[in-house]
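Inspection log for the structure reproduced underneath, given as structure tokens.
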Amino acid sequence: MAAVREGLPEGRYGRGADARADRRLKIIGLVLGVLALGGVGWFGWHSVASTDVSGEVIKSRAVSDQAVEIHLEVRKGAGTVAVCTLRSVDEDHTEVGRMDVTLRDHKKQVDTVVTMRTTHRGQTAELLGCKPADQG
């Protein structure tokens with residue numbers, strides 16, 4: 001019978017794992033892991049604690065030839081005063097009304113119904129944007 005070898009032939013496949021290279025890879029992996037964890041933490045904190053304001057028009061309806069009623073939902077920081085700009089357009093998509101709505105409520109989500117005066121009968125209302133109010 002032939003003898004069975006237990007290891008690789010010496011010098012044929014290169015040296016075994018270098019301990020310094022293994023340590024260097026572990027340190028690099030640890031640094032990258034900490035950086036990734038820090039990035040995820042910063043992104044999470046920024047998305048929760050930011051003062052961004054967003055909103056949407058839930059529905060709108062013309063209540064007369066000179067007014068449109070708008071149901072607005074706004075999401076903001078709990079202490080943030082928000083200003084949202086709305087406009088109404090007629091059937092030809094001509095702007096017939098525009099207004100800024102200031103929301104001082106201290107809740108994170110505010111549902112409100114506002115009435116906008118228009119120059120002609122408005123068909124729909126749209127939200128142009130919301131932002132934090134200037135504090136100066």
Side-chain angles (χ1 to χ4, degrees):
M1 297 201 84
V4 178
R5 297 178 88 166
E6 297 227 2
L8 298 174
E10 206 51 48
R12 186 166 183 183
Y13 297 103
R15 294 187 307 185
D18 184 22
R20 286 189 333 213
D22 283 348
R23 185 168 183 231
R24 185 176 301 140
L25 286 175
K26 287 178 183 177
I27 290 171
I28 290 171
L30 179 66
V31 168
L32 290 175
V34 167
L35 287 174
L37 187 60
V40 168
W42 178 84
F43 179 76
W45 176 82
H46 181 69
S47 66
V48 170
S50 67
T51 59
D52 289 341
V53 178
S54 64
E56 63 182 310
V57 172
I58 303 300
K59 66 179 178 178
S60 64
R61 68 181 182 100
V63 292
S64 72
D65 286 344
Q66 282 79 36
V68 173
E69 189 177 81
I70 304 163
H71 179 186
L72 179 65
E73 181 180 282
V74 178
R75 290 165 298 284
K76 61 184 186 62
T80 303
V81 176
V83 176
C84 296
T85 303
L86 300 162
R87 79 174 186 160
S88 180
V89 295
D90 64 10
E91 60 189 16
D92 296 328
H93 302 288
T94 303
E95 185 174 294
V96 294
R98 181 182 288 245
M99 73 182 295
D100 286 337
V101 177
T102 301
L103 302 165
R104 299 183 189 283
D105 202 336
H106 291 288
K107 295 187 285 187
K108 288 185 176 183
Q109 181 172 327
V110 178
D111 283 315
T112 187
V113 177
V114 296
T115 302
M116 176 190 303
R117 293 180 53 106
T118 59
T119 57
H120 300 292
R121 188 169 192 85
Q123 289 297 110
T124 188
E126 34 187 62
L127 176 65
L128 298 178
C130 291
K131 63 182 181 177
D134 292 331
Q135 300 295 326

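Throughout, residue positions are numbered sequentially from 1 according to the sequence presented. Side chains included, hydrogens not; waters and symmetry mates left out as well; all remaining heavy atoms used. Predicted, not measured: the structure shown is a model, and the values here were computed from it.
The salt bridge (Lys or Arg N to Asp or Glu O under 4.0 Å) test applied to Asp65 returns Arg121, not counting sequence neighbours. Partners of Lys59 under the salt bridge (Lys or Arg N to Asp or Glu O under 4.0 Å) rule, at least two apart in sequence or in another chain, do not exist in this structure. The salt bridge (Lys or Arg N to Asp or Glu O under 4.0 Å) check on Arg117 picks up nothing, with sequence neighbours excluded. Shown here are the side chain to side chain contact (heavy atoms under 4.5 Å, CB included) partners of Glu69, two or more places apart in sequence or in another chain: Arg61, Val63, Val113, Thr115. With sequence neighbours excluded, the residues satisfying side chain to side chain contact (heavy atoms under 4.5 Å, CB included) with Ser54 are Arg75.
Membership of an apolar cluster is not assigned to Val89, as no side-chain contact below 4.5 Å to another ILVMFWY residue is traced.
Val110 and Ile70 fall within the same hydrophobic cluster, where Ile, Leu, Val, Met, Phe, Trp and Tyr residues are linked whenever their side-chain heavy atoms come under 4.5 Å apart, directly or through other members. A continuous path of hydrophobic side-chain contacts links Val74 to Met116 [ILVMFWY only; heavy atoms under 4.5 Å].
Remark: the backbone N or O of Ala125 is not paired with any side-chain donor or acceptor of Ser88 at under 3.5 angstrom.
Nearest heavy atom pair, residue Thr118 against residue Ala67, reads OG1-N, 3.3 Å. Taking all atoms of both residues into account, the shortest heavy-atom contact from Gly122 to Ala62 is O-CB, 3.3 Å. Leu127 approaches Cys84 most closely through the heavy-atom pair CD1-CB, 3.9 Å. Closest of all the heavy-atom pairs between Ala133 and Val83 is CB-CG2, 3.7 Å. Here the closest non-hydrogen pair linking Val68 and Ser60 is CG1-CB, 4.3 Å.
Rounding to the nearest 0.5 Å places NE2 of His93 at 9.5 Å from OG1 of Thr124. Atom CZ of Arg87 is separated from atom CE of Met99 by 15.0 Å, given to the nearest 0.5 angstrom. Note that CG of Asp105 is 12.0 Å distant from OG1 of Thr80, once rounded to the nearest 0.5 Å. Taking OG1 of Thr85 as the start and CD of Glu126 as the end, the distance is 12.0 Å to the nearest 0.5 Å. Remark: Thr112 OG1 to Ile58 CD1 distance equals 12.0 Å, nearest 0.5 Å.
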Determine whether Lys131 and Val53 satisfy the following criterion, side chain to side chain contact (heavy atoms under 4.5 Å, CB included), listing intermediate values before the conclusion. CA-CA 5 Å; Lys131 63 182 181 177; Val53 178; 5.6 Å; no
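The closest side-chain heavy-atom distance from His120 to Thr94 is not below 4.5 Å.
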